[in-house]
Amino acid sequence: MTGLTAVLSREQILDQVVSNKGYYNNAQNVEDPKIEAIFSTSDEQLLAQIGYKPELKRHFSTIQAFGVAFSIMGLLPSIASILAQGIIAGPAGFLWGWVISSLLILTIAISMSENGSSIPTSGGLYYWTNYYSPPKYKTVISYLIGNTNSIALIGALCSVDYGFALELLSVVVIAKDGDFEITAAKTYGVFVGCVLLHILITCLSSKNCAYLQTTSIIVNVFIIVLYIIALPIGARGNFKSAKYVFTEFDNISDWPMGWTQLSAAWLPAIWTIGAFDSVIHVSEEVKDAEHTIPIGILGSVIACGSLGTIILIVTFFCIQTDDIEGHILGTKFGQPMAQIIFDCLGKKWALTFMALIAFAQFLMGASILTAISRQIWAFARDNGLPFSRWIKKVNVELSVPINAVWFGGIVAILIGLLVLIGSVAANALFTLYIAGNYVAWGTPTFLRLTTGREKFRPGKFWLGPIFSPLIGWISTIFIAYTFVMVMLPASRNPTKDNMNYTCVITPSVWILSLIYYYVYAHKNYHGPCKTVDTVDEEEQGLDAILDGIDPNADSDKSSTNEKVIEKV
């Protein structure tokens, strides 16, 4: 800082300070905001402490915030989409893998709830990363997390809408008694149409998006209840034994039995009980964010973990065949869940259920695009994306970042081109979402437990000085394990036809992000920006110092500058 020269006005001095690379080019980083959520008296006051002015209206109630995550998880549609992944471990492997991974996912949800209650902002994950990171690296690390979270959420939309396309086409196959071929081109065509419809729906007013979450909760609960009642009625007299459901482990892969039980068996819950960070991304649209965020996150995770266990138990008791590999995985319907329902209830009920499941899956996509648009909007607000000036515009009348919605949808359509390569490449959409999100979820918690532990100020949800770090470390270890697990291929001897493209896509996102950051983005992205003007005691003290500066004085210029910088 010795090279900083005196200038002639208060504004010029401040400009010199905040533009100096030693202070990371951002007034927000220079000021190191003091965020005390527990002492805030309103959502607007807390958002001002974080550094932002309110631009979105708070239309989301607590139940609707819960609905964002719960509808994105879309329990029965998600289990239908990922059933083929878990069943290779056998019924018991799938069931116990679901239970164990659900409990571990809950530790991530608890840590995220603590972070969200402390600093509730739509940018959430990358903002927390910036806040708790070592000063020297905070900008670049938060940039990587912002990009990773954005791409991962878009990957989630791709996987959800890809699942919808398969489910919708399976309805056609059932209706035509198998006389219909599902091709990659047809699947991609349905996928693109679905994404475009989601864009149009999400561009409706924020209030309508909030109502959509209530509708989605009702639809998902109705389908689950109907499934739990109808499937046993159709399978009556031909139930599997409890021994089969709870102790029948299998290994329909060329990996060792133990690894299949710790990977394929865990993956369905990891994929299904995800995107609960969507509650974070609408935190500037919920009321009483410090309470609502933990309720939305934890409520959705607990509800899906519990109901999912019941769905799996009912499903496995009602399976009508012992030939899992040939009859269920090799079904002509292209959808294992469709085959199970068809065997129990016949053609008409199979059509009904798959149509309902597809509809619920469609609502999932609409909800997740809402979360994506808010994350993209928040990151663009801090100049983290190309075309940020255009993306961050908010339609004041609708209270919707319409440009961010279109940006997220178009990128999803481009990434979805993987569907044309084949089913293995398309499955990378599932694991891309997992790998990217788990890194984005785990990084701020890891930093809060290490370099940022002195800066953390708990909000109204906190488990205390003992259990909070304990659960935080468990979640961090589980995240690290999951990241490695989803990078491995489905076969021990991968070829171009069964390659796991996640190990290529996810690192590519980071490499390209770093290249773009150092070539161009570092000029515009300097961490979270301050969009609200607040005057606190520290700033008043700075004004007092600046008022006492004689711009024409030649003596002791360097010491004056050092005092200004030290005060800032």
So Leu75 and Ile273, side-chain contact (heavy atoms from CB on, under 4.5 Å) or not? Walk me through it.
CA-CA 8 Å; Leu75 197 53; Ile273 310 175; 5.6 Å; no

[atom1] of [X] to [atom2] of [Y]: how many Å apart, nearest 0.5 Å?
X: Leu369; Y: Ile72; atom1: CG; atom2: CD1; result: 9.5 Å
X: Met337; Y: Leu76; atom1: CE; atom2: CG; result: 5.0 Å
X: Ile82; Y: Leu267; atom1: CD1; atom2: CG; result: 5.0 Å
X: Cys158; Y: Ile415; atom1: SG; atom2: CD1; result: 5.0 Å
X: Leu153; Y: Ile376; atom1: CG; atom2: CD1; result: 8.0 Å
X: Thr445; Y: Ile110; atom1: OG1; atom2: CD1; result: 11.5 Å

Report the C-alpha distance between Leu356 and Leu226 in whole Å, list the side-chain angles of each, state the deciding distance to 0.1 Å, and finish with yes or no for side-chain contact (heavy atoms from CB on, under 4.5 Å).
CA-CA 10 Å; Leu356 287 171; Leu226 184 62; 3.9 Å; yes

Is there a side-chain contact between [X] and [Y] in this structure, where contact means two heavy atoms from C-beta onward sitting under 4.5 Å apart?
X: His281; Y: Asn149; answer: yes
X: Leu56; Y: Trp377; answer: yes
X: Leu168; Y: Val172; answer: no
X: Leu144; Y: Val509; answer: no
X: Met73; Y: Phe276; answer: yes

Do [X] and [Y] have a side chain donor and acceptor closer than 3.5 Å?
X: Trp510; Y: Thr148; value: yes
X: Gln64; Y: Ser61; value: yes
X: Gln335; Y: Ser170; value: no
X: Thr315; Y: Tyr227; value: yes
X: Ser71; Y: Ser367; value: yes
X: Tyr52; Y: Asp382; value: yes
X: Gln49; Y: Ser40; value: no
X: Gln213; Y: Thr370; value: no

Donor-acceptor check, side chain of [X] to backbone of [Y], threshold 3.5 angstrom: yes or no?
X: Ser475; Y: Gly472; value: yes
X: Thr531; Y: Lys53; value: yes
X: Ser216; Y: Leu212; value: no
X: Thr107; Y: Leu104; value: yes
X: Ser399; Y: Val396; value: no
X: Ser102; Y: Trp98; value: yes
X: Asp161; Y: Gly365; value: no
X: Glu290; Y: Phe461; value: no
X: Ser142; Y: Thr129; value: no
X: Thr506; Y: Gly436; value: no

Residues Asn383, Ser388; criterion side-chain contact (heavy atoms from CB on, under 4.5 Å); working and verdict:
CA-CA 5 Å; Asn383 303 313; Ser388 285; 4.2 Å; yes

Before giving the answer on side-chain contact (heavy atoms from CB on, under 4.5 Å), spell out for Ile141 and Asn130 the whole-Å C-alpha distance, their side-chain angles and the decisive distance to 0.1 Å.
CA-CA 7 Å; Ile141 296 176; Asn130 185 85; over 6 Å; no

Relative to the ring of [Y], is the ring of [X] parallel (under 30°), tilted (30 to 60°) or perpendicular (over 60°)?
X: Tyr127; Y: Tyr131; value: parallel
X: Trp441; Y: Tyr438; value: tilted
X: Phe446; Y: Trp473; value: perpendicular
X: Tyr143; Y: Tyr525; value: tilted

Matching residue for His198 among Phe362, Phe191, Phe164 - test: ring pair (Phe, Tyr, Trp, His ring centres under 6.0 Å):
Phe362

Proximity of Trp390 and Phe407 rings by center, below 6.0 Å
no

Which pair of heavy atoms, one from [X] and one from [Y], lies closest together, and at what distance?
X: Val171; Y: Leu351; result: O-CD2, 3.2 Å
X: Ser101; Y: Ile270; result: CB-CG1, 4.3 Å
X: Ser118; Y: Tyr132; result: OG-OH, 4.2 Å
X: Ser117; Y: Pro294; result: CB-CG, 4.0 Å
X: Thr272; Y: Ile79; result: OG1-N, 4.3 Å
X: Met487; Y: Ala435; result: CE-CB, 3.9 Å

Using 4.0 Å as the upper bound for N to carboxylate O, is an ion pair formed by Glu114 and Arg448?
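So Arg448 pairs with Glu114 through a salt bridge.
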
Any chance CZ of Phe483 has more than 12 other-residue heavy atoms, nucleotides or ligands included, within less than 6.0 Å?
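Yes.
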
Atom NZ of residue position Lys348 - does it have more than 12 heavy atoms of other residues, nucleotides or ligands inside 6.0 Å?
no

Scan Arg374, Arg58, Lys57, His59 and name whichever one has a side-chain hydrogen bond (donor to acceptor under 3.5 Å, both in side chains) with Glu285.
Arg374

